[in-house]
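What follows is one structure encoded as C-alpha coordinates, with my remarks underneath.
Everything numeric in this text was worked out from a predicted model, so none of it was measured.
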Amino acid sequence: MQLQLNPASQQLVKQLDRAVVAFARHALRNFLIVYGIWVLVPFAAPLLMEVGATGPAQAIYNVYSLFCHQLPERSLFFFGPKPMYTLQEIGQVWSTANPQVLREFIGSAQMGLKVAWSDRMISAYGGVWLAGLLYTAWGQRAPRLSLKAWVLVGIMPILLDGTTHMVNDLLAGTSGAGFRDTNDWLRALTLNAPPSSFYYGDQLGSFNSWLRWLTGFLFSFTTVFALFPLIGSSLQKTASDTEQQV
(Lines give C-alpha, C1' and ligand atoms only; values in the text may rest on other atoms or scores of the structure.)
Protein backbone atom coordinates (compact mmCIF):
# COMPACT_ATOMS: atom_id res chain seq x y z
CA MET A 1 0.00 0.00 0.00
CA GLN A 2 1.46 3.34 -1.05
CA LEU A 3 1.52 6.04 1.60
CA GLN A 4 -0.47 9.11 0.58
CA LEU A 5 0.83 12.45 1.88
CA ASN A 6 -1.33 15.49 2.38
CA PRO A 7 -0.44 18.64 0.38
CA ALA A 8 1.48 20.23 3.27
CA SER A 9 3.62 17.11 3.75
CA GLN A 10 4.25 16.83 0.03
CA GLN A 11 5.46 20.43 -0.05
CA LEU A 12 7.76 19.78 2.90
CA VAL A 13 9.25 16.72 1.21
CA LYS A 14 9.88 18.72 -1.97
CA GLN A 15 11.61 21.46 0.03
CA LEU A 16 13.82 18.89 1.73
CA ASP A 17 14.66 17.33 -1.62
CA ARG A 18 15.62 20.73 -3.03
CA ALA A 19 17.82 21.34 0.02
CA VAL A 20 19.55 18.01 -0.54
CA VAL A 21 20.15 18.88 -4.20
CA ALA A 22 21.51 22.33 -3.32
CA PHE A 23 23.82 20.85 -0.68
CA ALA A 24 25.11 18.16 -3.04
CA ARG A 25 25.67 20.61 -5.90
CA HIS A 26 27.60 23.12 -3.76
CA ALA A 27 29.10 20.88 -1.07
CA LEU A 28 32.70 21.36 -2.18
CA ARG A 29 32.39 25.15 -2.36
CA ASN A 30 30.77 25.30 1.08
CA PHE A 31 33.37 22.93 2.50
CA LEU A 32 36.22 25.10 1.23
CA ILE A 33 34.68 28.20 2.80
CA VAL A 34 34.10 26.65 6.22
CA TYR A 35 37.30 24.63 6.21
CA GLY A 36 39.31 27.62 4.99
CA ILE A 37 38.16 29.66 7.97
CA TRP A 38 39.10 26.83 10.32
CA VAL A 39 42.57 26.53 8.72
CA LEU A 40 43.30 30.27 8.81
CA VAL A 41 42.10 31.09 12.33
CA PRO A 42 45.35 29.88 14.01
CA PHE A 43 47.24 32.58 12.10
CA ALA A 44 45.03 35.16 13.81
CA ALA A 45 46.30 34.20 17.28
CA PRO A 46 49.64 36.08 17.08
CA LEU A 47 47.92 38.98 15.29
CA LEU A 48 45.41 39.31 18.11
CA MET A 49 48.15 39.06 20.73
CA GLU A 50 50.07 41.80 18.97
CA VAL A 51 47.14 44.23 19.17
CA GLY A 52 46.38 43.37 22.78
CA ALA A 53 43.36 41.11 22.30
CA THR A 54 44.85 38.47 24.57
CA GLY A 55 41.55 36.85 25.53
CA PRO A 56 40.47 35.85 21.99
CA ALA A 57 44.05 34.94 21.12
CA GLN A 58 44.39 32.63 24.11
CA ALA A 59 41.04 31.06 23.26
CA ILE A 60 42.40 30.20 19.80
CA TYR A 61 45.54 28.67 21.30
CA ASN A 62 43.44 26.63 23.72
CA VAL A 63 40.95 25.34 21.15
CA TYR A 64 43.55 24.47 18.53
CA SER A 65 45.77 22.75 21.09
CA LEU A 66 43.19 19.94 20.81
CA PHE A 67 44.26 19.42 17.18
CA CYS A 68 47.97 20.29 17.36
CA HIS A 69 50.79 19.90 19.88
CA GLN A 70 51.88 23.54 19.25
CA LEU A 71 55.46 22.79 20.28
CA PRO A 72 57.24 26.13 19.75
CA GLU A 73 60.39 24.63 18.20
CA ARG A 74 58.17 23.26 15.42
CA SER A 75 56.01 26.35 14.95
CA LEU A 76 56.27 29.62 13.04
CA PHE A 77 56.58 32.96 14.82
CA PHE A 78 55.30 36.38 13.72
CA PHE A 79 56.62 39.83 14.70
CA GLY A 80 60.06 38.61 15.72
CA PRO A 81 63.55 38.53 14.21
CA LYS A 82 63.25 34.85 13.20
CA PRO A 83 60.42 32.72 11.80
CA MET A 84 61.44 29.70 13.93
CA TYR A 85 63.61 29.04 16.98
CA THR A 86 65.65 26.08 18.14
CA LEU A 87 64.87 24.25 21.35
CA GLN A 88 68.03 25.71 22.86
CA GLU A 89 67.00 29.27 22.00
CA ILE A 90 63.57 28.74 23.55
CA GLY A 91 65.22 27.21 26.60
CA GLN A 92 66.95 30.52 27.32
CA VAL A 93 63.59 32.15 28.12
CA TRP A 94 61.23 29.23 28.91
CA SER A 95 61.43 25.85 30.55
CA THR A 96 61.93 23.00 28.10
CA ALA A 97 62.04 20.19 30.67
CA ASN A 98 58.36 19.26 30.38
CA PRO A 99 56.71 18.97 26.93
CA GLN A 100 53.33 20.03 28.34
CA VAL A 101 54.87 23.21 29.76
CA LEU A 102 56.91 23.76 26.61
CA ARG A 103 53.88 23.75 24.32
CA GLU A 104 52.36 26.59 26.39
CA PHE A 105 55.08 29.01 25.27
CA ILE A 106 53.49 31.43 22.81
CA GLY A 107 56.41 33.82 22.45
CA SER A 108 57.64 37.12 23.79
CA ALA A 109 58.21 40.71 22.78
CA GLN A 110 61.79 39.83 21.82
CA MET A 111 61.10 36.59 19.95
CA GLY A 112 57.71 37.27 18.40
CA LEU A 113 54.47 35.34 18.75
CA LYS A 114 53.68 31.75 17.86
CA VAL A 115 51.15 30.65 15.25
CA ALA A 116 48.63 28.21 16.75
CA TRP A 117 49.54 25.57 14.14
CA SER A 118 52.81 23.63 13.98
CA ASP A 119 54.58 23.44 10.63
CA ARG A 120 53.21 19.94 9.97
CA MET A 121 49.64 21.03 10.61
CA ILE A 122 50.05 24.00 8.28
CA SER A 123 51.21 21.72 5.47
CA ALA A 124 48.73 18.91 6.21
CA TYR A 125 45.57 20.85 7.09
CA GLY A 126 46.38 23.96 5.07
CA GLY A 127 47.51 21.88 2.12
CA VAL A 128 44.07 20.26 1.86
CA TRP A 129 42.52 23.72 1.55
CA LEU A 130 45.04 24.90 -1.06
CA ALA A 131 44.71 21.67 -3.05
CA GLY A 132 40.92 21.94 -2.80
CA LEU A 133 41.06 25.43 -4.30
CA LEU A 134 43.20 24.12 -7.17
CA TYR A 135 40.88 21.16 -7.67
CA THR A 136 37.90 23.52 -7.90
CA ALA A 137 39.68 25.91 -10.26
CA TRP A 138 40.76 23.10 -12.60
CA GLY A 139 37.36 21.45 -12.65
CA GLN A 140 37.23 18.55 -15.11
CA ARG A 141 40.91 19.15 -15.94
CA ALA A 142 41.98 18.30 -12.37
CA PRO A 143 44.22 15.20 -12.17
CA ARG A 144 42.87 12.06 -10.53
CA LEU A 145 45.00 9.83 -8.33
CA SER A 146 44.35 6.21 -7.50
CA LEU A 147 43.83 5.09 -3.93
CA LYS A 148 47.05 3.07 -4.22
CA ALA A 149 49.00 6.23 -5.11
CA TRP A 150 47.33 8.04 -2.21
CA VAL A 151 48.49 5.38 0.25
CA LEU A 152 52.02 5.05 -1.13
CA VAL A 153 52.77 8.74 -1.78
CA GLY A 154 50.45 10.50 0.65
CA ILE A 155 50.00 8.32 3.71
CA MET A 156 53.14 6.20 4.05
CA PRO A 157 55.71 9.06 4.11
CA ILE A 158 53.85 11.16 6.70
CA LEU A 159 53.10 8.04 8.75
CA LEU A 160 56.79 7.09 8.81
CA ASP A 161 57.96 10.62 9.59
CA GLY A 162 55.29 11.22 12.22
CA THR A 163 55.81 7.86 13.90
CA THR A 164 59.57 8.26 14.18
CA HIS A 165 59.09 11.75 15.61
CA MET A 166 56.61 10.36 18.14
CA VAL A 167 58.96 7.55 19.18
CA ASN A 168 61.81 10.05 19.43
CA ASP A 169 59.78 12.33 21.69
CA LEU A 170 58.63 9.44 23.87
CA LEU A 171 62.18 8.18 24.36
CA ALA A 172 64.13 11.44 24.52
CA GLY A 173 61.48 13.96 25.54
CA THR A 174 62.78 17.49 25.15
CA SER A 175 66.42 16.59 25.85
CA GLY A 176 67.38 17.21 22.22
CA ALA A 177 69.39 13.97 22.24
CA GLY A 178 66.94 11.69 20.38
CA PHE A 179 67.68 9.99 17.08
CA ARG A 180 65.40 12.45 15.26
CA ASP A 181 66.92 15.38 17.15
CA THR A 182 70.54 14.74 16.21
CA ASN A 183 69.95 12.67 13.05
CA ASP A 184 73.41 11.12 13.53
CA TRP A 185 72.23 8.18 11.42
CA LEU A 186 71.72 10.60 8.53
CA ARG A 187 75.15 12.12 9.05
CA ALA A 188 76.64 8.66 8.56
CA LEU A 189 74.55 7.98 5.44
CA THR A 190 75.43 11.32 3.83
CA LEU A 191 79.07 11.39 5.00
CA ASN A 192 78.33 14.62 6.89
CA ALA A 193 78.21 16.51 3.57
CA PRO A 194 75.54 19.15 4.41
CA PRO A 195 76.20 21.75 7.14
CA SER A 196 75.57 20.80 10.79
CA SER A 197 72.44 22.97 10.93
CA PHE A 198 70.81 20.62 8.40
CA TYR A 199 71.03 17.61 10.69
CA TYR A 200 70.18 18.94 14.14
CA GLY A 201 66.87 20.24 15.44
CA ASP A 202 63.65 21.40 13.81
CA GLN A 203 64.40 24.90 12.51
CA LEU A 204 63.64 25.96 8.95
CA GLY A 205 66.12 24.44 6.54
CA SER A 206 66.81 21.41 8.71
CA PHE A 207 66.18 17.83 7.59
CA ASN A 208 63.33 17.46 10.09
CA SER A 209 61.69 20.67 8.94
CA TRP A 210 61.97 19.75 5.26
CA LEU A 211 60.41 16.35 5.92
CA ARG A 212 57.49 17.74 7.92
CA TRP A 213 56.65 20.31 5.24
CA LEU A 214 57.13 17.86 2.37
CA THR A 215 55.23 14.91 3.85
CA GLY A 216 52.44 17.20 5.00
CA PHE A 217 51.91 18.64 1.53
CA LEU A 218 52.23 15.21 -0.09
CA PHE A 219 49.52 13.92 2.23
CA SER A 220 47.18 16.86 1.71
CA PHE A 221 47.48 17.14 -2.07
CA THR A 222 47.19 13.40 -2.70
CA THR A 223 44.19 13.26 -0.35
CA VAL A 224 42.38 15.89 -2.38
CA PHE A 225 43.17 14.49 -5.83
CA ALA A 226 42.40 10.91 -4.78
CA LEU A 227 39.30 11.39 -2.62
CA PHE A 228 37.60 14.54 -3.91
CA PRO A 229 36.73 12.97 -7.30
CA LEU A 230 35.11 10.03 -5.52
CA ILE A 231 33.21 12.26 -3.11
CA GLY A 232 32.21 14.61 -5.92
CA SER A 233 30.87 11.76 -8.07
CA SER A 234 28.84 10.43 -5.15
CA LEU A 235 27.38 13.86 -4.42
CA GLN A 236 26.52 14.48 -8.06
CA LYS A 237 24.74 11.13 -8.24
CA THR A 238 22.81 11.98 -5.09
CA ALA A 239 21.81 15.32 -6.59
CA SER A 240 20.72 13.75 -9.90
CA ASP A 241 18.72 11.01 -8.22
CA THR A 242 17.03 13.48 -5.90
CA GLU A 243 16.22 15.89 -8.75
CA GLN A 244 14.29 13.14 -10.51
CA GLN A 245 12.08 12.82 -7.46
CA VAL A 246 11.33 16.54 -7.11
Side-chain angles (χ1 to χ4, degrees), residues 38-39 41-43 45 60-77 83-91 94-107 114-129 131 147-190 194 196-224 226-227:
W38 185 73
V39 164
V41 163
F43 293 93
I60 293 174
Y61 286 117
N62 291 341
V63 170
Y64 280 84
S65 68
L66 301 175
F67 305 94
C68 176
H69 58 61
Q70 296 180 354
L71 289 171
E73 75 274 20
R74 299 175 189 171
S75 302
L76 297 178
F77 281 72
M84 289 187 76
Y85 294 93
T86 65
L87 191 62
Q88 291 69 31
E89 289 172 324
I90 295 168
W94 191 267
S95 174
T96 61
N98 187 319
Q100 293 302 317
V101 174
L102 177 60
R103 65 186 298 203
E104 295 174 2
F105 178 67
I106 63 173
K114 182 180 71 174
V115 174
W117 278 141
S118 69
D119 50 6
R120 191 191 299 281
M121 296 301 100
I122 293 175
S123 59
Y125 288 137
V128 168
W129 185 57
L147 294 179
K148 181 179 180 179
W150 175 51
V151 172
L152 292 178
V153 180
I155 294 180
M156 294 304 295
I158 196 172
L159 181 63
L160 179 61
D161 185 51
T163 300
T164 54
H165 264 298
M166 182 178 67
V167 172
N168 176 90
D169 295 346
L170 288 174
L171 295 177
T174 56
S175 66
F179 69 99
R180 284 302 304 268
D181 296 313
T182 63
N183 288 311
D184 287 336
W185 57 273
L186 183 62
R187 290 179 185 268
L189 289 176
T190 58
S196 295
S197 58
F198 175 74
Y199 297 103
Y200 187 79
D202 298 292
Q203 68 279 0
L204 284 174
S206 67
F207 171 74
N208 288 342
S209 178
W210 274 111
L211 272 192
R212 287 198 301 275
W213 287 106
L214 179 61
T215 58
F217 279 120
L218 282 176
F219 168 77
S220 56
F221 273 68
T222 56
T223 295
V224 167
L227 299 188

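If you take OG1 on Thr86 and CG on Leu204, they are separated by 12.0 Å, rounding to the nearest 0.5 Å. To the nearest 0.5 Å, the span separating OG1 on Thr190 from CZ on Phe198 amounts to 7.0 Å. Taking CZ from Phe43 and CG from Leu76, the interatomic distance works out to 7.0 Å, rounded to the nearest 0.5 Å. Between Leu211 atom CG and Thr164 atom OG1 the span is 8.0 Å, to the nearest 0.5 Å. Thr223 contributes atom OG1, which lies 10.0 Å from atom CG of Leu218 (distance to the nearest 0.5 angstrom). Asp169 CG to Ser175 OG: the interatomic distance, rounded to the nearest 0.5 Å, is 9.5 Å.
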Assess whether side-chain contact (heavy atoms from CB on, under 4.5 Å) is satisfied between Arg120 and Arg74, documenting all intermediate values.
-> CA-CA 8 Å; Arg120 191 191 299 281; Arg74 299 175 189 171; over 6 Å; no
Starting from the C-alpha separation in whole Å, work towards a yes-or-no answer on side-chain contact (heavy atoms from CB on, under 4.5 Å) for Thr215 and Phe219.
-> CA-CA 6 Å; Thr215 58; Phe219 168 77; over 6 Å; no
Would you check, one step at a time, whether the test side-chain contact (heavy atoms from CB on, under 4.5 Å) holds for Lys114 with Phe105?
-> CA-CA 8 Å; Lys114 182 180 71 174; Phe105 178 67; 5.5 Å; no
Test side-chain contact (heavy atoms from CB on, under 4.5 Å) applied to Leu227 and Leu147, step by step | CA-CA 8 Å; Leu227 299 188; Leu147 294 179; 3.8 Å; yes
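Within the structure, salt bridge (charged side-chain N to carboxylate O under 4.0 Å, His left out) contacts touching residues 203-219 (residues at least two apart or in different chains) are Asp119-Arg212, Asp202-Arg212. Each salt bridge (charged side-chain N to carboxylate O under 4.0 Å, His left out) pair with one or both residues in residues 173-182, not counting sequence neighbours, appears once here: Asp161-Arg180.
For the residue pair Ser75 and Ser118, the shortest heavy atom distance occurs at OG-CA, 3.8 Å. Shortest non-hydrogen contact noted between Arg103 and Ser65 is NH2-O, 3.0 Å. Trp117 and Pro42 make their closest contact through NE1-CG, 3.1 Å (heavy atoms, listed as atom of the first residue, atom of the second, distance). The two residues Gln70 and Ala116 come nearest to each other via the heavy atoms NE2-O, 3.2 Å. Nearest heavy-atom pair across Asn168 and Phe179 is OD1-N, 3.0 Å. Of all heavy-atom pairs between Thr174 and Ala97, the closest is OG1-O, 3.4 Å.
Judged by distance alone, the side chains of Trp185 and Asn183 do bring a donor and an acceptor atom under 3.5 Å apart.
Below 30°, between 30° and 60°, or above 60°: for Phe217 and Phe221 the angle between ring planes is above 60°, a perpendicular geometry.
Taking the side chain as every heavy atom from C-beta outward, Met166 and Leu170 approach each other to under 4.5 Å. The side-chain heavy atoms of Thr182 and Tyr199, taken from C-beta on, include no pair separated by under 4.5 Å.
For the pair Ser220 (side chain) and Ser123 (backbone), a donor-acceptor distance under 3.5 Å is present. Within the 3.5 Å criterion, the main-chain N or O of Ser206 finds no donor-acceptor partner in the side chain of Ser209. In this structure, Tyr61 contributes its side chain and Glu104 its backbone to no donor-acceptor pair below 3.5 Å. Side-chain atoms of Gln203 come within 3.5 Å of backbone N or O of Tyr200 as a donor-acceptor pair.
More than 12 heavy-atom neighbours from other residues, nucleotides or ligands sit within 6.0 angstrom of CH2 on Trp38.
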